[in-house]
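Below is one structure; the comments refer to it alone.
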Amino acid sequence: MRPFEYVSPTTEAEAVDALNDHDGQTMVLAGGTDLISLLQRDAVQTQRVVDIKKIDTLKTIEQVDDGVLIGATVTLDEALESPLLAGHDSIAQVIDGHRAIQIQSSGTLVGDLCQMPQCWYFRNGFGVLGRKDGESLAELGDNRYHAVFGNAGPAKFVCASRFAPSMVAWGAKVRVIGPGPEDEQFVPLEYFFVTPRLESQGVNVLKPGQLVTHIWLPKAADTKSAAYEVLESKGLDRPQAAAAVCLQTDGDFVRDARIVMGHVAPTPWIAHEAARALVGQRLDEDMAGRIGDLAVSKATPLTMNEYKVAMARAAVKRSLLRAVGKLDDALV
Amino acid sequence: MREHEQQRNGPGGFNRRDFLKGSGAVVAATAIATAEQEAQAQKAAAVQGPGKVDVTLTVNGKQHKLSIEPRTTLLDALRDQLNLTGCKDDYDTTSCSGSDTVIIDGKAVYASTRLAIEVQGQKIQTVESLRDGDKIDEVIAGFVKHDAMQCGFCTPGFVMATRAFLNQKPKATLEEIQSGLGGNICRCGTYKGITACALEIAKKGGA
């Protein structure tokens, strides 16, 4: 690991200030489950690490008028225990899916949204676009875990965030502060992620000197939600494909739907067409399968990852059934 | 691309602070810079490193004063500075098999995902703490009884994860054990023994 400075601010203003030094070549440290290994592998470089765990305003989950604010240092196990998130089933399901108490006790929800791609070309120092000598390693090489949507440009990686599909389905926003001391904005999570065309563009909209302080989620109310992640092994693992849904229902009929797939594209992939087709329909196993077909009908797999299309289809189908409590019946 | 570079203000970019630093000949500008720096020094949090700094760690009930760089992970500090080699470095295996698990303030944590400097003031427990003379922790005894180790590399970390898990869920079911200890599972043949050990202790109330 290369040497770096360490700063542990106690307020948001101090954090922004600390992040702006060194021309913004600084990084935010929360749970450390991603950043430390990135630094160890030299996949990213930084002059300074800004540890935000001593900032009191980032430690809590709070009710606000129209929803819930989750601070940037709230860990997965804290979120799981919070009564304020009791109605957000899809989020609890993803936390459960992490299956490692070490990640649940250290990892944060905001950190998950900000984590870098797991793409092995990136992790081994070839950048998020995975290029060497002007050629795309991901396109020509082993791309079994890469994108099956949104991969026409140079970016072939998949967004690593496991909470992004469910949170985008919920219509979450993130509060971003910096680089100026007074700068504050709420960015819809759906527009937070970026498919870079250039290495310098990064994987999200954050610019140097900025950080995400909170996630805003609407109240659960009567929305039905579910997530389904297709995992390879029984232990600590990352999904090969995932989906999350939020539904408004009227008896067996769907009034409104949001369907978002994960780990299939450089950003969370919203299945607009499939969601529209579901509105007004009775949601049963047959219909869930047809919506799954529709969600993946425009997939463009690379040389080695066609299998992911079937997984994404299954994830959509199963998350829909799970949302209305019909998954267990369907799996028998 | 040019527009983007300007936006990011990367290396070679231009900002007011650099300008002020570079114009020391102008007396007025220097005065402004000094005032600005003073105001900053008052406002900003203390910067430590990148050279060695004093770090105090509370490990297994004892305080240790170390002189280390901020980049030193807790795992490296424990192994290289304090000679507590129970937690293993699984970096080379590139899979988080959990062999570096320690307990910090009651929670299981991968020691390689923490900087030593960030855990000052917190109670760190390593596998070495589970033995007191001839007295050993139930989890260690259970691992022996159920033959819950193969090569043994991951065993100390697995013991710590099991200990932390049972502290949190003393009456866990088999299903909860299997999913809770997922952070240590890689490809070993002894998980049956490990889950049997955890289940036996859970049936006795987790102690």
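Treat the numbers as computed from the prediction; the structure is a model and nothing was measured. So that the names make sense, note that chain A is the first sequence line, chain B the second, and so on, each numbered from 1. Computation of the quantities below employed the complete heavy-atom set of this structure, encompassing side-chain atoms and omitting hydrogens, waters and symmetry-equivalent molecules.
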Could you tell me which of A:Asp77, A:Thr10, A:Thr11, A:Val50 has the largest number of non-hydrogen atom pairs under 4.5 Å with chain B?
A:Asp77

With a 3.5 Å cut-off and no angle check, do the side chains of A:Asp96 and A:Gln93 form a donor-acceptor pair?
no

Measure A:Arg197 against the heavy atoms of chain B and call it side chain, backbone, both or neither at under 4.5 Å.
neither

Part of A:Leu29 lying under 4.5 Å from any heavy atom of chain B:
side chain

Heavy-atom distance under 4.5 Å to chain B: side chain of A:Asp34, backbone, both or neither?
neither

Relative to chain B, which of A:Ala15, A:Gly32, A:Pro179, A:Gly209 shows the most heavy atom pairs under 4.5 Å?
A:Gly32

Among B:Ala161, B:Ser179, B:Ala108, who wins on heavy-atom pairs under 4.5 Å with chain A?
B:Ala108

Could you tell me whether the side chains of A:Glu12 and A:Thr57 share a donor-acceptor contact shorter than 3.5 Å?
yes

So, applying side chain to side chain donor-acceptor pair (under 3.5 Å) with A:Tyr145, which one of A:Gln240, A:Glu232, A:Arg238 is it?
A:Glu232

Side-chain heavy atoms of B:Gln81 within contact of B:Ile68, under 4.5 Å
yes

In terms of side-chain heavy atoms, does B:Thr126 have a donor or acceptor partner in B:Asn60 at a distance below 3.5 Å?
yes

